[in-house]
Amino acid sequence: MLIEETLKRIQSQKGVQGIIIVNSEGIPIKTTLDNSSTVQYAGLIHQLVMKARSTVRDIDPQNDLTFLRVRSKKNEIMIAPDKDYFLIVIQNPSD
Amino acid sequence: MFFLTPVTPGNQTIPLTDETCGEDFQAKVNYRELFNYREAILRAKMPPKRPKSAISSAGSKGRAKGKKSQSPTLVEKPGHPEDIFPMVLTSATQELFGCLADEDVTGESPYKLLKKDDIIQDIKTRAAVSDFSPVKQIVLDYPEDELLLVYDRDFTYEQCFYLVLTPEAKDRILNPPEPETSQVLENVVNKTPEPKEWISLGSELEIDEESIKETREKLWYKFSRVRRKFGVPVCFSDRNTADAKDGYLECASYQDSRFSIKQMQRDCGMQAVPRLQSSSAQTQWKFQRNIFTQYVPRELSDEEKENILQFESLNNFCNSVTPRVLQALQQEEIMNGFFDDWKALGAAAEDGDWSGKVSEGLMLYQAFTDQKYTKDKKISSINWHPTIYGVLAVALTEQKEERTKDSTTFVVTPSVILFYSFSDPSIPQLLLECPDDIFAFEFCPSDPNIIVGGCINGQVVLWDISAHVTHLLGTQPGSKKVSVSTDTFDLDDNQENKTPVVRYCAVSALESRHKAPITDVQWLPPTFEVTRSGLPVENKYNISVQVVTCSPDCTIMFWDLRMQRLLSHSATDRKQSVDQKTQMTPYSVPDTFKHLDRTWKPLFRVSLPKIDTSGEYAPLKFSLEHYTCNGNTGRTTEEDNENDDGDSSKVIPDYSQLRVPSAKTATILEDVNTKLYIGTEDGEIVHTDWKLEKDDSGRLQSAKPLHCFNIHHWLVNTVQRSPFYKDIILTTGGWNFAIWKEGVMDGPIVLSPSSEQVCTSGCWSLSRPAVFFIGKDDGSIEVWNLMEKTSEPAQVHAHITNAKITCIKPWTASSKQHFLTVTDDIGMVRVLEIPKVLYVPTRNESLSVKKYFELEEERLNDFLKREELWAQQKREAEELKRKTEPDKPAKSLEVNEEVNMKEYKDYMTLEESILKGIGLWPAAADKQNT
């Protein structure tokens, strides 16, 4: 199955803490994290992505958000949005 | 033009307005004058009438009833005599009484006698309508039967009749006196009346103005007819007005627009009434809004998830997204683009944190000097006034060199103690006169007005400055200067040395003085007193009454301020004292201590025999523990309370009233520390007990000192107990200072390395247990902070003064103002402000410093043990060497030295590790602070 393979490939990267696939309404579909943090991440990041996407689209209607990286003190959250789904990857910085 | 309203004659003005012509016009006419005018005209018109009537009346009088005309004076009179009553009689009344005017009575015969009964009858029948009702009472009272009624045709009394009210008047009118009549007759006969001169009163002008005169010329019309028509008959016929053009002229009324009547004044009233209104309001919930909170996350069921996972779109999504995510993830691995170089740089730079030490030093606040008194003098001692803000006292002594130099000229400058105040740094506020130079003095802790001083000649001096306290208070900065001080300032302008001088109250007896200068004097705390044998007993007064002095003559003396009781062994003394008491003191001196002056003897003296050899120690400074009533039993606390109460009621008891209580009644306080730390001339620190002990022969004698260490090698100038630990003592002298712990018999727990300069004074900080100040010979001050560094001073202030520092004393003015006074041997007093870092204690400082001292004590013990060991080893080695190589002791010494050094280093590392362990080591302390 393609989705499992994808998750494996991503999981094999260094420092990856968790992967979540969320649908366009912010409801998690697939996750490698526990339930509560998945729900939290999905709900919050969904809002953030919608805001970021609308910002990009408002600036230029023909443009679209392709990738969002949120760098924080403890980790980095990478979001790859698409038309119907988001992929959220949480990674620990290398150092 | 004028419409004159009917006027009653009189002196009144009536405004008249002409309504028709519409003019706002007021005419004032003096109608009284007008009346007079008319009257005058009448008189002028008929001058002969009056005389005629007079004559006729005279004639008629003589002819018929003897009636007599009124005298002309009456005519002129405006009023009427009291005995007549002018009245109006209606025609009905006139008819009734038969006195119709101009018929029954005339101008010629105006008199009519009326029956009294008729009048009363009339009054009764007609009541109020009767004309006589106004005079009813008079008529009733009238004594005779007939009353006289006179017809007054000329209106002499303003009415047409008058009634005569009294019979006398009736007689007078009806039968006038004869001679008068004859005289009147003569007058009438002789004088023909002449028209009188017209006297203008101004009314004719008004009359003139008001009269209408023709001013225009009259129009003349001339009508003519042709001759032939003369006498021709005339024929008249009707004619319509409309036929001819100018048949008639109409004069219509109209409103004249040229003027209008202005309203000048108007009366109107107004009243303001508060209107009360009650209303109510209700806020409406206008915006209704539905709010929801999602508190259960939306989740898909497993079937749904499975379903979604089967979607092709998800696979497409994975394919499109994966490379992007992988790229981002790998970027992190390949090169961290978010690495903060600047932060990495800053972390390294943080170590070299430089903190500004500039503002942390001592700042000069004020300097005091006085040219007159401090010239060629050095300051031997300084004390802050315990209660008054900003007042300090300094004792001056001769500089030693000067004294020897000037011995030939021998200029006597008075020995004084100067009082300075912050308010005026150049002029001393008070002078204490001293018998000789003072080396040490101290304010009494119970009464700051009492000062005890020690003289260079060994005498103890007492002052009482209570009379001058207001002066000192007045010179306080910030307070209003009281009149006393302003007076002094005025005097200061005129004469420079008008500072008040206080003479000493008492000096001790010459024969029982110290044999050397008194170098230190201290009050015993108010908590206890000592007996003649040095036993500490309870102080019933709870005020300081005893003084301890020390001098290099190898004695320490205890003095009592109170009047001695009669004791058997001091009988002779007493006698002597009585003799001397009779001597009068030459100056006006407060007699607080009169009982002591020149007879004062020490309570007892403590000698200081050397421990191991013969001879005695020569003390310079000493320190005793300030016993605070610990209250070991309930009884003492109770008594303390009582004492407190007593103190509050009588603030400071008079010293002259105090008596020495009997020694038997006093309770001996066992827990008072009777041991003294003494610094000597030779740099020794001696720990001894002041209690006298009985030796074999039964005499009281000082015990041998407990221990003695020669640490300072030269004059000890400070022996001071820490204000925070009663067993920690700081001593300075020679080239170093030491910190001692009472009870540790083996030496100082801290001993500073020798410095280049002589340490001349030292003192503890009053607010930080870890801080103390050391004054140096070269005028510099070292600030030591045991929390910061233990091996070197935290701060060094190099040039506080150019001369040798003689004294430093801290003082807490307020919680935010801490001062340090520094005096030197050229007479300057400098007040330095202690910065915040040096007066605000760090957290747990007291505990940490205590721990530090305990550690030092351990180190000392340890060191001593090792020293013993080394000595043993050394001895053994020497023995060994003596046995093997008797001529090479030096080398073995060196070896020993090395061993010692190594041991010491080992110890230092041990100490460091221990200090780190408890957080006292500076680095560790820093961390703890952060």
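Note that this is a predicted model, so its numbers are computed, not measured. In what follows, every chain begins at residue 1, and chains take the letters A, B, ... in the order their sequences are listed.
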Starting at [atom1] of [X], measure out to [atom2] of [Y] and round the result to the nearest 0.5 Å.
X: B/Gln330; Y: A/Gln13; atom1: CD; atom2: CD; result: 4.5 Å
X: B/Leu326; Y: A/Ser12; atom1: CG; atom2: OG; result: 7.5 Å
X: A/Ile10; Y: B/Cys318; atom1: CD1; atom2: SG; result: 7.5 Å
X: B/Leu329; Y: A/Arg9; atom1: CG; atom2: CZ; result: 11.0 Å

Max heavy-atom pairs within cutoff under 4.5 Å with chain A, candidates B/Ile308, B/Leu314, B/Asn316, B/Val321, goes to B/Leu314
Scanning both residues in full, the closest heavy-atom pair of A/Pro28 with B/Leu300 reads O-CD1, 4.3 Å
Q) Any sub-3.5 Å donor-acceptor pair from B/Arg324's side-chain atoms to A/Thr66's backbone N or O? A) yes
In terms of heavy-atom contacts, does OH of B/Tyr904 have more than 12 from other residues, nucleotides or ligands at under 6.0 Å?
no
Going by heavy atoms in the side chains, are B/Lys305 and A/Lys30 under 4.5 Å from each other?
no
Does a side-chain heavy-atom distance below 4.5 Å link B/Phe317 with A/Leu87?
yes
Okay, B/Ser313 and chain A: the region with an atom under 4.5 Å from a heavy atom over there is both
Interface check, chain B: of A/Val89, A/Val16, A/Leu7, A/Thr6, most non-hydrogen pairs under 4.5 Å belong to A/Thr6
Answer key: most heavy-atom pairs under 4.5 Å with chain B among A/Thr38, A/Ile79, A/Ile29, A/Val39 is A/Ile29
Bottom line for A/Asp84: the part with an atom under 4.5 Å from chain B's heavy atoms is side chain
message: Would B/Gln327 and A/Met78 count as a side chain to side chain contact (heavy atoms under 4.5 Å, CB included) here? Give the steps.
response: CA-CA 11 Å; B/Gln327 191 195 354; A/Met78 301 172 187; over 6 Å; no
